[in-house]
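For reference, the structure is listed below as structure tokens.
Atom set for the values below is all heavy atoms of this structure, side chains included, hydrogens, waters and symmetry mates excluded.
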Amino acid sequence: MRLRASGFFWRNPWAKAVLLLAPPLLAFALVYLASLVALFISAFWTVNPFTTEIEHIWNIDNFKTLWEASAYRTIALRTIGIAAAVTIADAVLAFPLAYFMARVASARSRTFLFVAVLLPLWSSYLVRVYIWRLILNHDGVLNWTLGKLFGAHLAIAYSNWAVWLIFTYVWLPFMILPVYGALERVPHSYIEASRDLGARGWTTFRRVVLPLALPGVIAGSIFTFSLTLGDYVTPLLAGGASSQFIGNVVYESVGISNNVPFAAAFAAVPLCVMAVYLVIARRLGAFEAM
């Protein structure tokens, strides 16, 4: 029996691949895809205002509320806007460092920089957020330093600026690594050929380096954009009353008002945004750099 099975798998390599991939794919389908299907289905249900019980009556009232209520539109736009701002800031900060690591730094310096980039990921996410709260407080390190040097203070604690700054710091490693991988694969002969043809540094960067590294930037943006889009801890801890994200409304709808259908409808917004974003990223070749 064992020999017969071995012979079958030897003659049909695809069967071995199916056997190996079946358990994780089955778990993925049951745990992830099934939960998404349940999410979308429950978004079309409603809650009885008297009994607070979920009624399985198909309607689009939850989506109408999202569209008609200006407060929810503002929250959605704020979430998407800050996610985009964090992605742009991380790309601007990550590109020079990744270029230095990939093209300039020695092996020892590169190892040190990798450790420096990855070291914050070894600490708790909450610890990093609370540390930034202490830094940005009115009497924190930032204002103390600015007061000593310039006699000025920045009132950015518990604001959208604080949320943007903390997100930019927290997700920066997720942008650096894909950009580094893309820059490392840029052939040095392309840069030499550009210089031999008379192109200056900025032209070489714009026409050679940046197009080849763009898939890495897009790949990193998938992480920074999606992680910011779905987060609710940082806005809750470091943002003010005007810093609510989609995740905060979803959390309150489930944990406080017990309105699961509305929470499911609002949670579908970032999923749809990310679906469109992933389609664009795929067309730009981002998945090849991940």
Side-chain angles (χ1 to χ4, degrees), residues 76-121 160-161 163-231 234 269-290:
L77 292 175
R78 179 191 303 125
T79 304
I80 297 171
I82 293 182
V86 168
T87 299
I88 294 172
D90 278 340
V92 172
L93 293 174
F95 205 97
L97 179 58
Y99 184 87
F100 179 82
M101 293 169 60
R103 318 294 303 187
V104 179
S106 62
R108 179 175 297 180
S109 300
R110 188 180 301 116
T111 302
F112 172 79
L113 290 173
F114 263 116
V115 173
V117 169
L118 297 175
L119 191 61
L121 300 179
N160 290 330
W161 287 104
V163 173
W164 168 76
L165 185 61
I166 294 173
F167 273 138
T168 301
Y169 163 76
V170 169
W171 307 137
L172 183 59
F174 295 92
M175 177 67 77
I176 292 176
L177 296 179
V179 176
Y180 166 81
L183 288 170
E184 191 182 33
R185 290 194 292 269
V186 175
H188 191 69
S189 58
Y190 287 14
I191 300 176
E192 291 181 348
S194 177
R195 292 172 180 171
D196 292 341
L197 292 173
R200 297 191 176 184
W202 171 248
T203 304
T204 300
F205 171 79
R206 183 168 54 89
R207 294 192 174 184
V208 179
V209 177
L210 185 58
L212 293 175
L214 186 60
V217 177
I218 302 299
S221 71
I222 293 174
F223 293 108
T224 58
F225 188 77
S226 62
L227 291 172
T228 306
L229 203 62
D231 197 286
T234 296
V269 174
L271 290 176
C272 294
V273 172
M274 279 308 304
V276 174
Y277 194 83
L278 288 174
V279 170
I280 297 174
R282 185 179 182 275
R283 290 184 175 274
L284 294 174
F287 294 161
E288 299 174 2
M290 296 180 67

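Counting only distance, with no hydrogens or angles, the side chain of Ser221 and the backbone of Ile218 share a donor-acceptor pair below 3.5 Å.
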Ring pair (Phe, Tyr, Trp, His ring centres under 6.0 Å) between Tyr99 and Phe205: does it pass, once the steps are laid out?
-> CA-CA 11 Å; Tyr99 184 87; Phe205 171 79; 7.4 Å; no

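Taking all atoms of both residues into account, the shortest heavy-atom contact from Pro120 to Ala116 is CD-O, 3.2 Å. Minimum heavy-atom separation, Ile176 to Met101: CG2-SD, 4.2 Å.
Atom-to-atom distance recorded for Leu183:CG and Leu210:CG is 9.0 Å, nearest 0.5 angstrom. For the atom pair CG of Leu197 and OG1 of Thr203, the computed distance is 11.5 Å after rounding to the nearest 0.5 Å. Leu172 contributes atom CG, which lies 14.0 Å from atom CZ of Phe223 (distance to the nearest 0.5 angstrom). We find the CG-CG distance between Leu278 and Leu271 to be 10.5 Å, quoted to the nearest 0.5 Å. Taking CG of Leu212 as the reference point, atom CD1 of Ile191 lies at 8.5 Å (rounded to 0.5 Å).
Arg103 is not listed as a side-chain neighbour of Val209, based on a closest heavy-atom distance of 4.5 Å or more. Contact annotation: the side chain of Leu97 approaches that of Val117 to within less than 4.5 Å [non-hydrogen atoms, C-beta and beyond]. With contacts defined as side-chain heavy-atom distances shorter than 4.5 Å, the pair Leu113/Phe100 qualifies. Side-chain contact between Leu118 and Leu177 is present, with at least one heavy-atom pair separated by less than 4.5 Å. Within the 4.5 Å cutoff, the side chain of Val273 has heavy atoms near those of the Leu229 side chain. Counting heavy atoms from C-beta on, the side chains of Phe167 and Trp164 never come closer than 4.5 Å.
For Arg207, the CZ atom sits in a loose shell: 12 or fewer heavy atoms of surrounding residues, nucleotides or ligands are nearer than 6.0 Å.
The one candidate from Met175, Arg185, Arg110 that meets the side-chain contact (heavy atoms from CB on, under 4.5 Å) condition with Tyr180 is Arg110. A side chain to side chain donor-acceptor pair (under 3.5 Å) with Trp171 is found for one member of Thr87, Thr228, Asp90 and no other, namely Thr228.
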